[in-house]
Amino acid sequence: MSPSGSSAASDAAPPAAPRPAPRTPSSLSPSRADDFMTCPLRYRLRAIDKLPEPPNPAAARGIVVHAVLERLFDVPAGQRTPDRARALLRPEWERLLGKRPELAALFPQDTDGAVLASWLAEAEQLLEQYFRMEDPTRLEPAGRELFVETTLESGLTLRGIIDRVDVAPTGEVRVVDYKTGKAPPPDFEHRAMFQMKFYALVLWRRRGVVPRRLQLLYLGSGDMVTYDPDEADLRAVERKLRALWAAIQRAVTTGEWQPSPSRFCDWCGYRDLCPAFGGTPPPYPLAGVTATTTPGSAAGDTAADTRTAAARATRPAR
């Protein structure tokens, strides 16, 4: 059986989607900010070269689970049951496969569909965990997969997609993000919460209201992590993002995108191109380009500046 569940199979590899042309970054999202803080070279290969990464079963499963949890709220509250969520799994996988046929490579020899069935069963376990953590029949989200964007006074544009936004009858806002992995150790918790503070900053700048609560649901371990931000928190995040953007602009101009080896390298799809592992990145596609500096950005022109800024950016905002 093919990964989509049909009996037809083809020996031909699925066509690769055309790769967008490299261009100078013009905005920042939580994921790209995290890329740069983790490893400037990873940011470059993803955001500038736009090199595709090999299909990843865990990442694909996360996309499908997120889609199910979004569509679960399309039905009336009384129908938001575990059975309903399970019934959405395979259609959402097939929908994703239709958009990204290269994901068929996740199950290359799955002639009887057993590998796909096991993969979907793991997704079912994540959904079952969700129902142990929340009762969706008591929720009416104000936004799901909500695209948000704002431009700061500095000229930096921030954008992202929020899994869920809840608004209480009293007007208090809760920002919710689903994580299909396990909760990180306390020393790394600030990385995930930085993403949530990023969203809170965008909502605050757009709506003038600081979200009352930021909530992370780790479906892989059943942990719920919450944080109640204030204006001082979000101003600190804004300062951090301005410094991060200045470092990115310096790297765009100098072409110095240094690798930053860490435990995250074990999951990186660009290891074969990384000098830290004996690889060679492709030629820098923006050679000779000078980034437009946003007002208030610090000037700098050395690789050491970029490494220092990236290292500082990984520290919790204060």
Search all heavy atoms of [X] against all heavy atoms of [Y] and return the closest pair with its distance.
{"X": "Arg32", "Y": "Tyr43", "answer": "O-CD1, 3.3 Å"}
{"X": "Lys197", "Y": "Tyr227", "answer": "CE-CE2, 3.6 Å"}
{"X": "Phe131", "Y": "Ala85", "answer": "CE1-CB, 3.8 Å"}
{"X": "Pro259", "Y": "Cys274", "answer": "CB-SG, 3.7 Å"}
{"X": "Pro229", "Y": "Val210", "answer": "O-CG1, 3.8 Å"}
{"X": "Leu96", "Y": "Ala60", "answer": "CD2-O, 4.1 Å"}

Taking the side chain as C-beta and beyond, is there a heavy-atom pair between [X] and [Y] under 4.5 Å?
{"X": "Leu127", "Y": "Val65", "result": "yes"}
{"X": "Pro281", "Y": "Tyr270", "result": "no"}
{"X": "Leu28", "Y": "Phe36", "result": "no"}
{"X": "Phe73", "Y": "Pro136", "result": "yes"}
{"X": "Pro285", "Y": "Asp49", "result": "yes"}
{"X": "Ser154", "Y": "Arg239", "result": "no"}
{"X": "Asp34", "Y": "Gln195", "result": "no"}
{"X": "Val209", "Y": "Leu203", "result": "no"}

Taking [X] for its side chain and [Y] for its backbone only, find out whether a donor-acceptor pair lies under 3.5 Å.
{"X": "His66", "Y": "Asp163", "result": "no"}
{"X": "Trp119", "Y": "Pro57", "result": "yes"}
{"X": "Asp83", "Y": "Ala87", "result": "no"}
{"X": "Arg174", "Y": "Asp166", "result": "no"}

Lys/Arg-Asp/Glu bridge criterion (N-O < 4.0 Å) met for [X], [Y]:
{"X": "Lys179", "Y": "Asp223", "value": "no"}
{"X": "Glu53", "Y": "Arg42", "value": "yes"}
{"X": "Glu172", "Y": "Arg213", "value": "no"}
{"X": "Glu153", "Y": "Arg235", "value": "no"}
{"X": "Asp266", "Y": "Arg271", "value": "yes"}
{"X": "Arg95", "Y": "Glu92", "value": "yes"}

task: Look at the aromatic rings of Trp257 and Tyr284 and report parallel, tilted or perpendicular, splitting at 30° and 60°.
output: tilted

State the [atom1]-[atom2] distance between [X] and [Y], to the nearest 0.5 angstrom.
{"X": "Thr180", "Y": "Leu217", "atom1": "OG1", "atom2": "CG", "value": "12.0 Å"}
{"X": "Thr81", "Y": "Gln79", "atom1": "OG1", "atom2": "CD", "value": "8.0 Å"}
{"X": "Arg90", "Y": "Leu97", "atom1": "CZ", "atom2": "CG", "value": "11.0 Å"}
{"X": "Thr150", "Y": "Leu156", "atom1": "OG1", "atom2": "CG", "value": "9.5 Å"}
{"X": "Leu51", "Y": "Arg46", "atom1": "CG", "atom2": "CZ", "value": "11.0 Å"}
{"X": "Asp35", "Y": "Ser29", "atom1": "CG", "atom2": "OG", "value": "7.5 Å"}

- request: Would you sort out whether Val225 and Met196 count as a side-chain contact (heavy atoms from CB on, under 4.5 Å), showing the intermediate values?
  value: CA-CA 11 Å; Val225 179; Met196 303 301 286; over 6 Å; no

- prompt: What pairs with Trp204 under ring-ring contact (aromatic ring centres under 6.0 Å, His included), at least two apart in sequence or on another chain?
  reply: none

- request: Using the side-chain contact (heavy atoms from CB on, under 4.5 Å) rule, take Lys50 and Arg23 through it: C-alpha gap first, then chi angles, then the decisive distance, then the call.
  value: CA-CA 9 Å; Lys50 299 188 182 300; Arg23 60 183 177 84; 4.2 Å; yes

Should [X] and [Y] be regarded as members of a common hydrophobic cluster, given that ILVMFWY residues are connected when their side-chain heavy atoms come within less than 4.5 Å of each other, either directly or indirectly?
{"X": "Leu139", "Y": "Met133", "answer": "yes"}
{"X": "Val176", "Y": "Met224", "answer": "yes"}
{"X": "Trp267", "Y": "Leu45", "answer": "no"}

Flag for Arg191-Thr38: side-chain donor and acceptor within less than 3.5 Å: yes

task: Verify whether one side chain among Ser27 and Arg159 offers a donor that lies under 3.5 Å from an acceptor in the other.
output: yes

task: Decide side-chain contact (heavy atoms from CB on, under 4.5 Å) for Tyr130 and Leu69; before the verdict, give the C-alpha distance in whole Å, the side-chain angles of both, and the deciding distance to 0.1 Å.
output: CA-CA 9 Å; Tyr130 168 74; Leu69 292 177; 3.7 Å; yes

message: Out of the candidates Glu70, Glu134, Glu140, only one should pair with Arg80 under the salt bridge (Lys or Arg N to Asp or Glu O under 4.0 Å) rule; please name it.
response: Glu140

task: Tell me whether the guanidinium CZ or amine NZ of Arg263 lies under 6.0 angstrom from the six-membered ring centre of Phe188 and within 45° of its axis.
output: yes

message: Holding to side chain to side chain donor-acceptor pair (under 3.5 Å), I want the full list of residues that pass it with Arg84, two or more places apart in sequence or in another chain.
response: none

message: Is it true that, when you exclude Asp228 itself, more than 12 heavy atoms of the residues, nucleotides or ligands shown sit nearer than 6.0 Å to its CG?
response: yes

task: Might you work through the side-chain hydrogen bond (donor to acceptor under 3.5 Å, both in side chains) test for Tyr199 and Asp177, ending with a clear yes or no?
output: CA-CA 10 Å; Tyr199 292 143; Asp177 193 75; 4.7 Å; no

message: Test side-chain contact (heavy atoms from CB on, under 4.5 Å) on Leu234 and Leu201; report intermediate values, then the result.
response: CA-CA 6 Å; Leu234 303 188; Leu201 171 63; 4.3 Å; yes

- request: Would you sort out whether Arg250 and Glu256 count as a salt bridge (charged side-chain N to carboxylate O under 4.0 Å, His left out), showing the intermediate values?
  value: CA-CA 8 Å; Arg250 285 195 294 270; Glu256 295 287 347; over 6 Å; no

